[in-house]
2 protein chains.
Amino acid sequence: MEAKSAKLRSEKPRNGNGGEGRLPYDERRAQILHHAAEFFSEYGLTGQTRSLAAACGVSQRLLYRFFPNKAALVREVYQETIIGPFRAVWLAQLTDRSMGVEERLNHFYRDYFRTILTRKWLRLFLYSSLAESEMAPDYIAAIIKDLMETITRETALEQGVDLPDDPDVLHEIGWTLHGAVSHFAIRRHLYKASREVPADRVLAVQIAAFVHGFRAMVETAGEGS
Amino acid sequence: MEAKSAKLRSEKPRNGNGGEGRLPYDERRAQILHHAAEFFSEYGLTGQTRSLAAACGVSQRLLYRFFPNKAALVREVYQETIIGPFRAVWLAQLTDRSMGVEERLNHFYRDYFRTILTRKWLRLFLYSSLAESEMAPDYIAAIIKDLMETITRETALEQGVDLPDDPDVLHEIGWTLHGAVSHFAIRRHLYKASREVPADRVLAVQIAAFVHGFRAMVETAGEGS
DNA sequence: GGCATAAGTCGTCAATTGACGACTTGCAGC
DNA sequence: GCTGCAAGTCGTCAATTGACGACTTATGCC
């Protein structure tokens, strides 16, 4: 029965998938990873391999040529999409004392907001945090801790404020700003709210509260000791 | 073959379920809703009805005596667990001018943090936000808007600061504090971080930044107009 | 004590879903 | 032009999962 095969062929002008022909191993693998990041970010880590394959314009079976199982695929997406961008977090500009702290913070958070706190990153991060997959939070946690410490110390230095000894309190002071910014991103990308005021302006306001409320924060933090 | 039935009976001292006998309709329904809130909060809205039934100590079939399908059950859990507590949000104390704004904010956010921003509430809220089920965000959004406006106006009044006309900017100013607090709750309950410093102290620090950075925030917000 | 009725369970169905063996097809090198 | 191998698909399997018809059992009431 070649007829059926021939007929099928005639319906697909060139090949079975979306629009590009066969790809070498590495390219196809990269393309799948790219689509998978988008896909799992939107539909969650429980998204089905068949839908993902369809989104890639590829048969479901093909996924298993590149990844031993779904969990491995998800793990790699996480590494590439969540951990990957974090490597690029740049602390140097935060200690560049030729600028004032407020200006430095504005530069940094505009960058951070646009690079890291994207819809894709946030949704994927939240999905995996909720699933407690605990894929690699330590690496990110360590970087953020550094970040909180740098921001707090630089601000204290500029303002001649004595910081408390407890490093945890110090981190929480930094988190006041970082949390406000992160939640702003969650509002925008998850709840689809807080979209009227331009992002840069919102960030500037949040940074102003941090910088100009800094001394009061440190004093308040010291009261309970 | 009564024998088999009799033998089975002897293995379960009293009845087929966990430990309580048969319950009247309303009680059983309430009990299922209670377990379901816990269950979906932990395992997500895709959690399986069989596991839920097991957690309730009840057969899976019984769930369908109370709810036409899983979606309806989830919807009711959401109403009860997410929307329900929000009705109780108390704005009166925020306008009680016999106290200073900073003290009022401390009272309010201690309450809010403990009542609303629980692990159960947050996880459920995030799961449903991610799923875009859009179950009833408008109601909550409206209350929060009120809240942001009240907080901002009360602070401005106390400090004799002129607020900008744009109501969206006004809300964003309030969100600086509310976002910092919300993200603190997410860190605690979701990421299991930020647990070293007592919650009340962290809240006090965040409120201090808001109150003492308020004038600078408003000035920064007004610059771009 | 027996019976009506609500409370509760059993077993099963169809659809979904991750996984994979067996097959087909395009293309590079001769 | 043909052949060998990598790229890609088909069809299927077993487990899972929402849903539900048919049945069983406890309990209050006479």
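Letters A, B, ... are given to chains in the order of the sequence lines, protein chains preceding strands, and every chain is numbered from 1.
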Is it the case that atom NZ in Lys120(B) sees more than 12 heavy atoms from other parts of the structure closer than 6.0 Å? yes
[X] [atom1] to [N] [atom2]: how many Å, rounded?
X	N	atom1	atom2	answer
Asp26(B)	dA6(C)	CG	C1'	13 Å
Arg28(B)	dA26(D)	CZ	P	14 Å
Leu62(A)	dT24(C)	CG	P	18 Å

Going by an N to O cut-off under 4.0 Å, is there a salt bridge joining Glu132(A) and Arg119(B)? yes
Ion pair present between Arg114(B) and Asp200(B), side-chain N to carboxylate O less than 4.0 angstrom? yes
Residue met sooner reading DNA chain D from 5', once Arg65(A) and Ser51(B) are mapped to nucleotides: Arg65(A)
Within the distance-only criterion (no hydrogens, no angle test), does the side chain of Arg104(A) pair as donor or acceptor with the backbone N or O of Gln93(A) below 3.5 angstrom? no
For the side chain of Arg123(A) and the backbone of Leu190(A), is there at least one donor-acceptor N/O pair under 3.5 Å apart? no
Over 60° means perpendicular and under 30° means parallel, so tell me whether Tyr25(B) and Phe66(B) are parallel, tilted or perpendicular. tilted
Residues from residues 32-41 of chain B lying under 4.0 Å of DNA chain D - heavy atoms: none
Presence of donor-acceptor pair under 3.5 Å, side chain of Arg22(A) and base of dT25(C): yes
Polar pairs (N or O, both sides) under 3.5 Å between protein and nucleotides 18-20 of chain C?
{"unit_1": "dG18(C)", "atom_1": "OP1", "unit_2": "Lys70(A)", "atom_2": "NZ", "d": "3.0"}
{"unit_1": "dG18(C)", "atom_1": "OP2", "unit_2": "Thr49(A)", "atom_2": "N", "d": "2.9"}
{"unit_1": "dG18(C)", "atom_1": "OP2", "unit_2": "Thr49(A)", "atom_2": "OG1", "d": "3.0"}
{"unit_1": "dG18(C)", "atom_1": "N7", "unit_2": "Arg50(A)", "atom_2": "NH1", "d": "2.8"}
{"unit_1": "dG18(C)", "atom_1": "O6", "unit_2": "Arg50(A)", "atom_2": "NH2", "d": "3.1"}
{"unit_1": "dA19(C)", "atom_1": "OP2", "unit_2": "Tyr64(A)", "atom_2": "OH", "d": "2.9"}
{"unit_1": "dA19(C)", "atom_1": "OP2", "unit_2": "Lys70(A)", "atom_2": "N", "d": "2.8"}
{"unit_1": "dA19(C)", "atom_1": "N7", "unit_2": "Gln60(A)", "atom_2": "NE2", "d": "3.2"}
{"unit_1": "dA19(C)", "atom_1": "N6", "unit_2": "Arg50(A)", "atom_2": "NH2", "d": "3.2"}
{"unit_1": "dA19(C)", "atom_1": "N6", "unit_2": "Gln60(A)", "atom_2": "OE1", "d": "3.1"}

Quick check on the 6.0 Å ring-centre criterion: do Tyr78(B) and Tyr127(B) meet it? no
Where at least one partner belongs to residues 171-180 of chain B, residue pairs that pass side chain to side chain donor-acceptor pair (under 3.5 Å), sequence neighbours excluded: Arg187(A)-Glu172(B), Ser194(A)-Glu172(B), Tyr109(B)-His178(B), Tyr112(B)-His178(B), Glu149(B)-His171(B)
